Amino acid sequence: MIRLENLTAGYGGTPVIRGISLDFRPGEVLALLGPNGCGKSTLLKAALGLLPAMDGQVLYDGRDIRQMKRKEIARQAAFLTQSRNTPSIQALRMVLHGRFPYLSYPRQYRKEDYAIARAAMDATGARAYEHANVSQLSGGQRQGVYLAMTLAQDTPTVFMDEPTTYLDIRHQLAIMETARELARAGKAVVLVLHDLPLALREADRAAVLADGQLLAWDTPEAVYAAGVLDQVFGVTVHRTDTPHGPQYYCTPRED
């Protein structure tokens, strides 16, 4: 399990997140929520060791991340970034990049690497175009390839930074179902999301950040009941019960 203890991190000596204590639990989907610029992406980068801590610790199964090599970290946590280039490469070859942490140099893919990569593409619906060039795929198809690459890394923890951005509703739901399946398989899944109703409906827990600080960390129902989302986003979040479970929606707040 990955745990953040009183973590402070930022850029150029200026903190962006301050005093964050949070853990990412196996078998759960955690949604990171907060307005733009509040530190969500910074938190993920610090949790992955891509951004050094200014104070506090990042612990992987109790081990300080500063004592770990990059390959060790990459075998424990995968990261689907928000911003990605679109290379001119075959989709299957792209997904195989997820196997890099398990290969020595020069990289020679094994049968098991191909099997894991194709299984990951099956899981994200990308197998049908494994021979296509990534640059020629639609946005939703490319997202399936990138997600498959993340899954092929086969790590206990999976971080995704805004994985549903620019996707239509069908692909958004598919991404969330994949996250749920990963959690059911025992992985810790951490998602940065801007769609509050989607996050509250699908996540096991929600962590709410504002101005670099953690304001709430609880079940979606508890976070909703506390009113912290209304406070942070300046909207009114509503909850209604349906035959498919609780559903949430937002309206402008009337001051």
Side-chain angles (χ1 to χ4, degrees), residues 29 31-32 40-41 44-45 47-50 70-195 198-199 202:
V29 175
L32 288 180
K40 301 183 296 297
S41 297
L44 293 189
K45 291 176 182 177
L48 288 155
L50 301 175
R70 288 306 316 165
K71 183 174 283 191
E72 292 180 285
I73 297 170
R75 291 180 178 181
Q76 293 297 315
F79 183 30
L80 179 65
T81 63
Q82 176 186 2
S83 300
R84 296 175 295 274
N85 295 324
T86 303
S88 180
I89 186 175
Q90 184 194 66
L92 176 59
R93 303 298 295 184
M94 188 74 190
V95 175
L96 281 166
H97 286 184
R99 301 302 301 160
F100 282 3
Y102 304 95
L103 304 177
S104 57
Y105 188 84
R107 299 184 181 102
Q108 296 291 330
Y109 296 119
R110 304 156 296 180
K111 288 184 178 179
E112 65 187 89
D113 297 315
Y114 281 97
I116 291 172
R118 287 193 169 104
M121 296 185 84
D122 283 334
T124 65
R127 182 70 180 276
Y129 38 89
E130 69 172 77
H131 300 297
N133 192 299
V134 174
S135 65
Q136 297 175 352
L137 298 176
S138 70
Q141 291 172 331
R142 284 199 301 270
Q143 188 74 329
V145 172
Y146 289 123
L147 180 56
M149 180 177 66
T150 305
L151 301 188
Q153 203 167 321
D154 194 21
T155 56
T157 301
V158 178
F159 294 105
M160 302 185 199
D161 194 355
E162 299 189 34
T164 61
T165 301
Y166 305 124
L167 297 183
D168 61 38
I169 186 61
R170 181 172 68 88
H171 287 95
Q172 290 180 33
L173 294 176
I175 289 284
M176 297 307 300
E177 179 54 30
T178 298
R180 298 293 327 155
E181 290 177 359
L182 292 172
R184 286 192 288 268
K187 297 181 184 293
V189 183
V190 184
L191 309 173
V192 171
L193 293 172
H194 281 296
D195 187 327
L198 184 67
E202 299 292 340

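Please read these numbers as outputs of a predicted model, since none were measured by experiment.
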From CA spacing to verdict: side-chain contact (heavy atoms from CB on, under 4.5 Å), L182, L151: CA-CA 9 Å; L182 292 172; L151 301 188; 3.5 Å; yes

CA sep, side-chain torsions, deciding dist, call: M176, L191, side-chain contact (heavy atoms from CB on, under 4.5 Å): CA-CA 9 Å; M176 297 307 300; L191 309 173; 3.5 Å; yes

Stepwise side-chain contact (heavy atoms from CB on, under 4.5 Å) test for T86 and Y146: CA-CA 10 Å; T86 303; Y146 289 123; 4.1 Å; yes

CA sep, side-chain torsions, deciding dist, call: K187, D154, side-chain contact (heavy atoms from CB on, under 4.5 Å): CA-CA 10 Å; K187 297 181 184 293; D154 194 21; 3.6 Å; yes

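Classification of E130 and R127 as a salt-bridged pair holds, one side-chain N sitting under 4.0 Å from a carboxylate O.
A pairwise comparison of heavy atoms in L167 and G139 identifies CD2-O, 4.1 Å as the closest pair. Nearest heavy-atom pair across Q153 and A74 is NE2-O, 2.7 Å. Summarising the geometry of A148 relative to T124, their closest heavy-atom pair is CB-OG1, 3.6 Å, with the distance given to 0.1 Å. Nearest heavy atom pair, residue A183 against residue V29, reads CB-CG2, 3.8 Å. Closest heavy-atom contact between L48 and A77: CD2-CB, 3.7 Å. In terms of heavy atoms, R75 sits closest to P101 at NE-O, 2.9 Å.
Atom NE2 of H171 and atom CD of Q141 lie 7.0 Å apart (nearest 0.5 Å). Annotation: the span from F79 atom CZ to I73 atom CD1 amounts to 13.0 Å, rounded to 0.5 Å. Rounding to the nearest 0.5 angstrom, the gap separating the CE atom in M149 from the NE2 atom in H97 is 8.0 Å. To the nearest 0.5 Å, atom CZ of residue R184 and atom CZ of residue R180 are 6.0 Å apart. In this structure, OG1 on T164 lies 5.5 Å from CG on L193, to the nearest 0.5 angstrom.
Looking at Q143, its side chain does come within 3.5 Å of a backbone N or O of P163 through a donor-acceptor pair. Proximity of a side-chain donor or acceptor of E162 to a complementary backbone N or O of H194 within less than 3.5 Å is not detected. A donor-acceptor pair under 3.5 Å is absent between the side-chain atoms of S135 and the main chain of S88, judged by distance alone. With Q82 contributing its side chain and D161 its backbone, the two residues share no donor-acceptor pair below 3.5 Å. For Q76 (side chain) and P156 (main-chain N/O), no donor-acceptor pair under 3.5 Å exists by modelled atom type. Looking only at distances, no side-chain donor or acceptor of R99 sits under 3.5 Å from a matching main-chain atom of Y109.
For the pair L44/T81, no side-chain contact is recorded, criterion being any heavy-atom separation below 4.5 Å from C-beta on. Considering only heavy atoms from C-beta on, M160 stays 4.5 Å or farther from T150 through its side chain. Y114 places a side-chain heavy atom less than 4.5 Å from the side chain of L92. Between V190 and K40 there is no side-chain heavy-atom pair separated by less than 4.5 Å. Looking at R70 and L50, their side chains come closer than 4.5 Å, going by heavy atoms from C-beta outward.
Among D113, L103, I89, I116, the one residue that satisfies the side-chain contact (heavy atoms from CB on, under 4.5 Å) test with L96 is D113.
In this structure, R107 is positioned above the aromatic face of F100, its NZ or CZ under 6.0 Å from the six-membered ring centre and within 45° of the axis.
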